[in-house]
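Report on the following structure.
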Amino acid sequence: MNLTQYLALVRKLDELLAFDASRTLYSADVARQFGVSVRTLHNAVVAIRGMSPHRYVRLRRLWSVRQQLAIGSSTAVIKAIALANGFWHMGEFGSLYRNTFGETPQQTLAAARGRRR
């Protein structure tokens with residue numbers, strides 16, 4: 001496969017994530033759905049995004065949570081937002097979020113709400 005084909009695969013993956021962010025994705029299932037091997041899917045994501053599919057999907061989901069928290073809605077519930085983005089284990093989610101963004105989800109939401117006042 002060439003870079004154009006790899007880019008098309010990654011775009012399909014992005015569309016899949018946008019369509020149902022809470023869905024658990026397994027590389028074998030995604031590859032089968034796209035009609036490629038797991039290795040081809042892996043190579044495509046590495047070539048286009050510079051990281052493994054697992055890491056890419058997790059990072060996309062974390063950024064989605066962050067964007068939703070940064071809106072600072074008074075009705076935002078961190079657990080509901082995390083679940084809607086495919087994070088089922090809240091302790092792991094909190095740790096991933098803190099390690100990625102340098103603050104807790106609660107801090108992101110509080111800062112956003114503070115800007116809205």
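The chain is numbered in sequence order, starting from 1. Just so it is clear, the structure is predicted and the values come from calculations on it, not from any experiment.
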Taking [Y] as the starting point, is it possible to reach [X] by hopping between hydrophobic residues whose side chains are less than 4.5 Å apart?
X: Met51; Y: Leu16; answer: yes
X: Phe34; Y: Leu17; answer: yes
X: Phe19; Y: Val10; answer: no
X: Met1; Y: Leu7; answer: yes
X: Ile71; Y: Tyr97; answer: no

For Arg61, the side chain to side chain donor-acceptor pair (under 3.5 Å) test, sequence neighbours excluded, returns none
Interatomic distance, [X] atom [atom1] to [Y] atom [atom2] [nearest 0.5 angstrom]:
X: Ser95; Y: Met90; atom1: OG; atom2: CE; answer: 13.0 Å
X: Arg58; Y: Ser52; atom1: CZ; atom2: OG; answer: 7.5 Å
X: Leu13; Y: Arg49; atom1: CG; atom2: CZ; answer: 9.0 Å
X: Leu69; Y: Arg113; atom1: CG; atom2: CZ; answer: 9.0 Å
X: Leu109; Y: Glu103; atom1: CG; atom2: CD; answer: 10.5 Å
X: Asp14; Y: Arg60; atom1: CG; atom2: CZ; answer: 4.0 Å

Regarding Arg66 and Thr108, is there a side-chain donor-to-acceptor distance under 3.5 Å anywhere?
yes
Locate the shortest heavy-atom distance separating [X] from [Y]; write the atom from each residue and the value.
X: Ala112; Y: Gly72; value: CB-CA, 3.5 Å
X: Leu41; Y: Val30; value: CD2-CG1, 3.8 Å
X: Ser27; Y: Pro53; value: OG-CB, 4.5 Å

Can you tell if the side chain of [X] reaches within under 4.5 Å of the side chain of [Y], non-hydrogen atoms only?
X: Phe93; Y: Val65; result: yes
X: Leu25; Y: Arg23; result: yes
X: Leu9; Y: Ile48; result: no

**Asked** Is a donor on one side and an acceptor on the other found under 3.5 Å between the side chain of Glu92 and the backbone of His89?
**Response** no
Residues 54-80 vs ring-ring contact (aromatic ring centres under 6.0 Å, His included), sequence neighbours excluded, gives Trp63-Phe101
**Study point:** Presence of salt bridge, Arg32 and Asp29, under 4.0 angstrom
**Key:** yes
Would His42 and Val46 count as a side chain to side chain contact (heavy atoms under 4.5 Å, CB included) here? Give the steps. CA-CA 6 Å; His42 177 87; Val46 169; 3.5 Å; yes
Show me the side-chain donor-acceptor pairs of residues 78-88 shorter than 3.5 Å, one per line, residues at least two apart or across chains.
residue	atom	partner	partner atom	Å
Asn85	OD1	Ser64	OG	2.7
Asn85	ND2	Ile81	O	2.8
Trp88	NE1	Gly86	O	3.4

